[in-house]
Colleague: 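Below is a structure I'd like to ask you about.
The analysis underlying the following values was restricted to heavy atoms, covering all of them including side chains, and did not include hydrogens, waters or symmetry mates. In this text the structure is predicted, and so the values were computed from the model without any measurement.
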Amino acid sequence: MPGNEVVILRIGHRPERDQRVTTHVGLTARALGAQGMFLATPDKGVVQSIRDVADRWGGDFFCLDNVKWRSCIRDWKAQGGTVVHLTMYGLNLPDVIDDVKAHGKILVIVGAEKVPGEIYGLADYNIAVTAQPHSEISSLALFLDHFFSGQEFRNEFPGAHIRIIHSRAGKRTEEM
Ligand code: SAM
């Protein structure tokens, strides 16, 4: 999205059980307008899956694994960025999204297993997507849609080898 930079920091990923969900966190982030994902665990399988999709479907979404989450947050803030942590314990999304929109460079933290307590203090905003437990994929999708005000539906993905032509029925695609 022009003028905004949104990157995801995925923490707590367990390669033996979270590969599918973490890959979907990355694909959701990419489809809904984020620029990339830092993964705070080594997992080349997730990185490769996301790169395969980005190569075929376009855009320049990045995925970096084995990132140290403390230094990632520190560096982001040092560059003037804002840190958002999605947690059901935070302030409710509709109550804070206008404040967050005033910031152009956002790091969105999503967890897998229990998130270290330190994250709550490091985040500039702890944001709940309702006060009910659900998932990192749904919370991220709703956050991005609110942050981009629905404009992400119009995003283009330059360099794609394939694109879908929306249609009422059937599957229309164009190979480039
Ligand atoms: N049991 C974990 C805990 O207590 O931290 C949460 C696990 S949940 C399956 C994984 C992630 O989904 C959370 O770290 C959070 O980022 C996100 N999440 C789940 N429900 C949420 C909600 N209602 N609002 C915001 N984020 C949520």
Side-chain angles (χ1 to χ4, degrees), residues 1 4-79 81-91 93 96-97 100 103 105-148 152 155 157:
M1 196 76 55
N4 283 308
E5 185 185 358
V6 179
V7 174
I8 316 308
L9 171 59
R10 165 66 155 165
I11 60 172
H13 167 80
R14 297 152 294 184
E16 65 287 359
R17 57 176 290 184
D18 294 326
Q19 272 202 330
R20 186 174 157 81
V21 172
T22 299
T23 302
H24 285 186
V25 166
L27 295 182
T28 298
R30 175 186 168 274
L32 301 185
Q35 275 71 50
M37 178 170 79
F38 297 121
L39 175 55
T41 311
D43 194 331
K44 296 292 177 226
V46 169
V47 172
Q48 194 55 52
S49 299
I50 292 171
R51 281 197 188 142
D52 288 347
V53 171
D55 285 349
R56 186 159 157 74
W57 291 88
D60 50 10
F61 190 86
F62 72 83
C63 182
L64 283 180
D65 70 331
N66 205 13
V67 166
K68 305 280 175 250
W69 60 262
R70 279 191 192 83
S71 44
C72 181
I73 294 169
R74 190 188 330 114
D75 293 350
W76 192 267
K77 287 184 164 187
Q79 292 161 22
T82 300
V83 176
V84 167
H85 169 219
L86 298 182
T87 166
M88 64 180 173
Y89 301 103
L91 299 173
L93 178 67
V96 284
I97 193 63
V100 178
H103 305 271
K105 183 176 163 75
I106 310 286
L107 184 70
V108 185
I109 304 174
V110 292
E113 54 179 352
K114 197 171 178 352
V115 170
E118 195 181 339
I119 296 280
Y120 291 79
L122 290 172
D124 297 299
Y125 295 92
N126 290 290
I127 298 184
V129 181
T130 79
Q132 300 299 317
H134 48 99
S135 117
E136 46 276 55
I137 301 170
S138 49
S139 54
L140 178 62
L142 278 160
F143 173 80
L144 291 173
D145 183 58
H146 279 62
F147 183 76
F148 291 127
E152 75 279 6
N155 283 353
F157 290 83

Colleague: Do the side chains of E118 and R70 get nearer than 4.5 Å, heavy atoms only?
Modeller: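 Yes, at least one pair of side-chain atoms sits under 4.5 Å.
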Colleague: Does Q19 reach the side chain of D43, with side-chain heavy atoms less than 4.5 Å apart?
Modeller: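 Yes; the side chains approach each other to less than 4.5 Å.
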Colleague: In Å, rounded to the nearest 0.5 Å, how long is the span from CG of L39 to CG of L64?
Modeller: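 The CG atom of L64 is 9.5 Å from CG of L39, to the nearest 0.5 Å.
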Colleague: Check whether more than 12 heavy atoms from other residues, nucleotides or ligands sit under 6.0 Å from atom CZ of R17, and answer yes or no.
Modeller: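 Check fails, neighbour count at 12 or below.
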Colleague: With a 4.5 Å limit on heavy-atom distance, are the side chains of L27 and V53 in contact?
Modeller: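 Side-chain contact under 4.5 Å: yes.
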Colleague: Just verifying a value: how many Å separate W76 CH2 and L122 CG, rounded to the nearest 0.5 Å?
Modeller: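 If we round to the nearest 0.5 Å, W76:CH2 and L122:CG are 15.0 Å apart.
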Colleague: Nearest 0.5 Å, what's the CG-OG1 distance between D65 and T22?
Modeller: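 One gets 11.5 Å once the value is rounded to the nearest 0.5 Å.
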Colleague: Picking from T28, V25, V115, what satisfies side-chain contact (heavy atoms from CB on, under 4.5 Å) with V110?
Modeller: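 That would be V25; it is the only one of T28, V25, V115 passing the side-chain contact (heavy atoms from CB on, under 4.5 Å) with V110.
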Colleague: Please confirm whether the ring centroid of F157 lies under 6.0 Å from the ring centroid of F61.
Modeller: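 Not close enough - the centres of the two rings lie 6.0 Å or further apart.
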Colleague: For the side-chain contact (heavy atoms from CB on, under 4.5 Å) test, which of T82, V6, V100 pairs with V108?
Modeller: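 Only match with V108 under side-chain contact (heavy atoms from CB on, under 4.5 Å): V6.
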Colleague: Quick one, D52 and R56 - any side-chain contact, counting heavy atoms below 4.5 Å?
Modeller: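 When only atoms from C-beta onward are counted, R56 and D52 do not touch, as no gap falls below 4.5 Å.
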Colleague: With a 4.5 Å cut-off on side-chain heavy atoms, are F38 and W69 touching?
Modeller: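 Side chain of W69 against side chain of F38, heavy atoms only: no contact under 4.5 Å found.
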Colleague: Can you tell me how far CD of Q79 sits from CZ of R74, rounded to the nearest 0.5 angstrom?
Modeller: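 If we round to the nearest 0.5 Å, R74:CZ and Q79:CD are 12.0 Å apart.
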Colleague: Between I11 and A40, which heavy-atom pair has the shortest distance, and what is it?
Modeller: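 Reported closest heavy-atom pair: CG2-CB, 4.0 Å.
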Colleague: Evaluate side chain to side chain contact (heavy atoms under 4.5 Å, CB included) for E136 paired with R10, printing each intermediate quantity in order.
Modeller: CA-CA 9 Å; E136 46 276 55; R10 165 66 155 165; 3.0 Å; yes
Colleague: Going through the distances and angles, do I8 and I109 end up as a side chain to side chain contact (heavy atoms under 4.5 Å, CB included)?
Modeller: CA-CA 6 Å; I8 316 308; I109 304 174; over 6 Å; no
Colleague: Are R30 and M37 close enough that some pair of their side-chain heavy atoms sits under 4.5 Å apart?
Modeller: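 Side chain of R30 against side chain of M37, heavy atoms only: no contact under 4.5 Å found.
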Colleague: State the CG-OG1 distance between N66 and T41, to the nearest 0.5 angstrom.
Modeller: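 Here the interatomic distance stands at 8.0 Å.
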Colleague: Can you measure from CG (L107) to NZ (K77) and round to the nearest 0.5 angstrom?
Modeller: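 L107 atom CG to K77 atom NZ measures 10.0 Å (nearest 0.5 Å).
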Colleague: Within the structure provided, determine whether L32 and F148 are in side-chain contact (heavy-atom separation under 4.5 Å).
Modeller: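 No - every pair of side-chain heavy atoms lies 4.5 Å or more apart.
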Colleague: Side-chain polar contacts of residues 123-135 - donor-acceptor pairs under 3.5 angstrom, sequence neighbours left out - could you list them?
Modeller:
from	atom 1	to	atom 2	distance (Å)
D124	OD2	V83	N	2.7
Y125	OH	H103	NE2	3.2
N126	OD1	H85	ND1	2.9
N126	ND2	Y120	O	2.9
T130	OG1	Q132	N	3.3
H134	ND1	S138	OG	2.6
H134	NE2	V129	O	2.7
S135	OG	I137	N	2.9
S135	OG	S138	N	3.3

